[in-house]
Amino acid sequence: MKKICLWSGPRNISTALMYSFAQREDTRVIDEPLYGHYLRITNADHPGREEVLKNMNCDGNSVMRDIMNQRESNFKILFLKQMSHHLQDLNNEFLQKVDNIFLIRDPKEVIPSLTIQLPNAKVRDTGLDIQWRLYQSLISYGKNPVIIDSRELLIDPEFILTKLCAHLGINYSKKMLQWSPGPINEDGIWSKYWYQTVHKSSTFMPYKSKPDLPKKFIPLYDKCIPYYNKLYKHALIAKRSY
């Protein structure tokens with residue numbers, strides 16, 4: 001079974017990409033298996049925290065060990081939607097045994113939405129610094145991770161998904177472009193706090209540029225943008241009409 005880890009930041013259309021992969025008949029998806037571990041390790045005050053801790057295995061090493069040992073015959077692909085900042089105090093050897101995707105987004109488009117739920121958000125909460133370090137580490141080990149930028153994906157979903165599937169060595173399916181509105185069975189129990197927009201959708205929404213960032217967010221943006229720029233240099237780029 002091919003195992004794929006999507007390493008994303010929050011507010012980054014990662015759930016839509018998980019829904020996209022869930023449409024494939026050869027793929028099973030798992031939603032943020034390390035979320036409970038992250039909340040336990042960091043004591044982060046997230047919406048629904050106690051419910052998550054109560055209902056998940058919060059030992060991250062145990063979680064990933066069980067996942068890596070899975071040998072399901074019904075599916076050829078296991079797609080793990082992961083948040084990069086969930087990689088806290090873990091044995092990361094499994095990263096060299098999976099295909100890794102990094103999903104990034106310009107922090108000016110992330111921060112206003114993120115701070116609604118996390119008013120005191122730090123760079124760590126965006127995951128960009130962790131994504132960059134993780135990307136460098138995988139490259140140093142001779143791995144070939146792929147980077148997707150949310151804007152590029154929304155500009156031309158089919159083109160980017162086709163390129164992504166080619167990189168992963170799997171066939172592209174047009175089924176990845178549409179899904180039924182509403183939740184899916186694989187949603188984490190935290191979906192009621194975070195997934196309202198994707199539950200109203202049935203496809204990747206067209207890209208729309210965001211207004212200028214309010215001045216109060218500039219200090220956080222200035223800390224995030226160098227990591228984003230380094231990652232974006234290696235991202236898949238959509239075809240433009242101009």
Side-chain angles (χ1 to χ4, degrees), residues 4-23 29 31-32 79-87 99-118 121 123-132 134-135 145-168 172 176-179 184 187-188 191 194-213 217 220-221 223-241:
I4 300 169
C5 280
L6 172 72
W7 299 106
S8 178
R11 322 315 294 158
N12 206 9
I13 71 168
S14 58
T15 305
L17 191 55
M18 179 180 74
Y19 278 35
S20 174
F21 270 85
Q23 308 314 302
V29 302
D31 191 11
E32 299 185 29
F79 180 93
L80 310 176
K81 174 199 162 195
Q82 305 260 35
M83 295 290 109
S84 55
H85 57 282
H86 291 176
L87 279 173
D99 289 275
N100 293 285
I101 306 168
F102 292 94
L103 179 62
I104 63 173
R105 189 179 184 186
D106 190 326
K108 75 178 181 182
E109 299 183 352
V110 172
I111 292 171
S113 177
L114 176 63
T115 51
I116 294 174
Q117 298 285 15
L118 301 177
V123 177
R124 182 193 69 180
D125 296 305
T126 72
L128 282 164
D129 55 336
I130 301 169
Q131 286 176 312
W132 175 241
L134 185 55
Y135 177 79
V146 60
I147 298 178
I148 301 175
D149 180 78
S150 297
R151 178 180 59 223
E152 302 296 330
L153 176 58
L154 295 180
I155 288 173
D156 194 340
E158 185 164 28
F159 180 82
I160 294 297
L161 289 174
T162 300
K163 289 286 189 181
L164 173 61
C165 289
H167 183 98
L168 296 171
Y172 166 72
M176 299 175 73
L177 292 176
Q178 288 189 314
W179 51 86
I184 62 175
D187 281 350
S191 62
W194 299 95
Y195 295 0
Q196 294 92 336
T197 299
V198 75
H199 285 168
K200 296 176 183 177
S201 71
S202 59
T203 188
F204 292 100
M205 303 303 291
Y207 174 74
K208 294 181 179 179
S209 60
K210 304 294 183 182
D212 291 340
L213 197 65
F217 296 134
L220 177 57
Y221 172 81
K223 294 177 181 178
C224 292
I225 192 62
Y227 297 111
Y228 171 77
N229 287 338
K230 292 174 183 177
L231 288 159
Y232 182 76
K233 288 180 180 178
H234 305 281
L236 300 178
I237 303 299
K239 293 186 295 186
R240 302 297 204 272
S241 58

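Keep in mind that what you see is a predicted model, and the values were worked out from it rather than measured. Start at 1 with the first residue, then count along the sequence.
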Aromatic plane relationship, Phe102 with Tyr135 - under 30° parallel, 30 to 60° tilted, over 60° perpendicular: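 Rings of Tyr135 and Phe102: perpendicular, over 60°.
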Under 3.5 Å side-chain donor-acceptor pair for Ser201 and Trp179: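 Trp179 and Ser201 do have a side-chain donor-acceptor pair below 3.5 Å.
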Which residues pass the side chain to side chain donor-acceptor pair (under 3.5 Å) test with [X], sequence neighbours left out?
X	result
Asp149	Tyr228
Ser150	Asn12
Thr203	none
Trp132	Gln136

Taking all non-hydrogen atoms of both residues, which atom of Leu220 and which atom of Ala121 are closest, and how far apart?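 Here Leu220 and Ala121 meet closest at CD2-O, 3.7 Å.
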Testing the basics here: between Ser84 and Ile130, what is the closest heavy-atom pair and its distance to 0.1 Å?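 Heavy-atom minimum between the residues: O-CG2, 3.4 Å.
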Which residues satisfy the side-chain contact (heavy atoms from CB on, under 4.5 Å) test with Leu154, sequence neighbours excluded?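 Testing Leu154 for side-chain contact (heavy atoms from CB on, under 4.5 Å), a comparison that skips the adjacent residues, returns Ile13, Phe204, Tyr207.
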Counterpart residues, side-chain contact (heavy atoms from CB on, under 4.5 Å), relative to Pro226 (two or more places apart):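 With neighbours one apart ignored, the set is empty.
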Start with the C-alpha distance between Ile147 and Leu236, add both sets of side-chain angles, then the distance that settles side chain to side chain contact (heavy atoms under 4.5 Å, CB included), and finish with yes or no. CA-CA 6 Å; Ile147 298 178; Leu236 300 178; over 6 Å; no
Look up atom [atom1] in [X] and atom [atom2] in [Y], then write down how far apart they are to the nearest 0.5 Å.
X	Y	atom1	atom2	answer
Trp7	His85	CH2	NE2	11.0 Å
Asn229	Cys224	CG	SG	11.0 Å
Ser191	His199	OG	NE2	4.5 Å
Arg11	Thr15	CZ	OG1	8.0 Å
Met18	Asp187	CE	CG	5.0 Å

Would you tabulate the side-chain donor-acceptor contacts of residues 160-167 under 3.5 Å, counting partners in other chains and residues two or more places apart, or write 'none'?
residue, atom, partner, partner atom, Å
Thr162, OG1, Glu158, O, 2.7
His167, NE2, Asn144, O, 2.7

Does [X] have any salt bridge (charged side-chain N to carboxylate O under 4.0 Å, His left out) partners at least two apart in sequence or in another chain, and if so, which?
X	value
Asp31	Lys81
Asp99	Lys2
Asp129	Arg133
Arg105	Glu109

Quick one, Gln131 with Tyr227, criterion side chain to side chain contact (heavy atoms under 4.5 Å, CB included). Give me CA distance, side-chain angles, the key distance, then yes/no. CA-CA 8 Å; Gln131 286 176 312; Tyr227 297 111; over 6 Å; no
pair Leu114-Asp125: side-chain heavy atoms closer than 4.5 Å: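 SC-SC contact between Leu114 and Asp125 confirmed.
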Could you check if a side-chain atom of Ser14 sits within less than 4.5 angstrom of a side-chain atom of Gln82, using non-hydrogen atoms only?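 No, side chains not in contact.
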Quick one: salt bridge (charged side-chain N to carboxylate O under 4.0 Å, His left out) pairs with a partner in residues 197-212, sequence neighbours left out?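 For residues 197-212: none.
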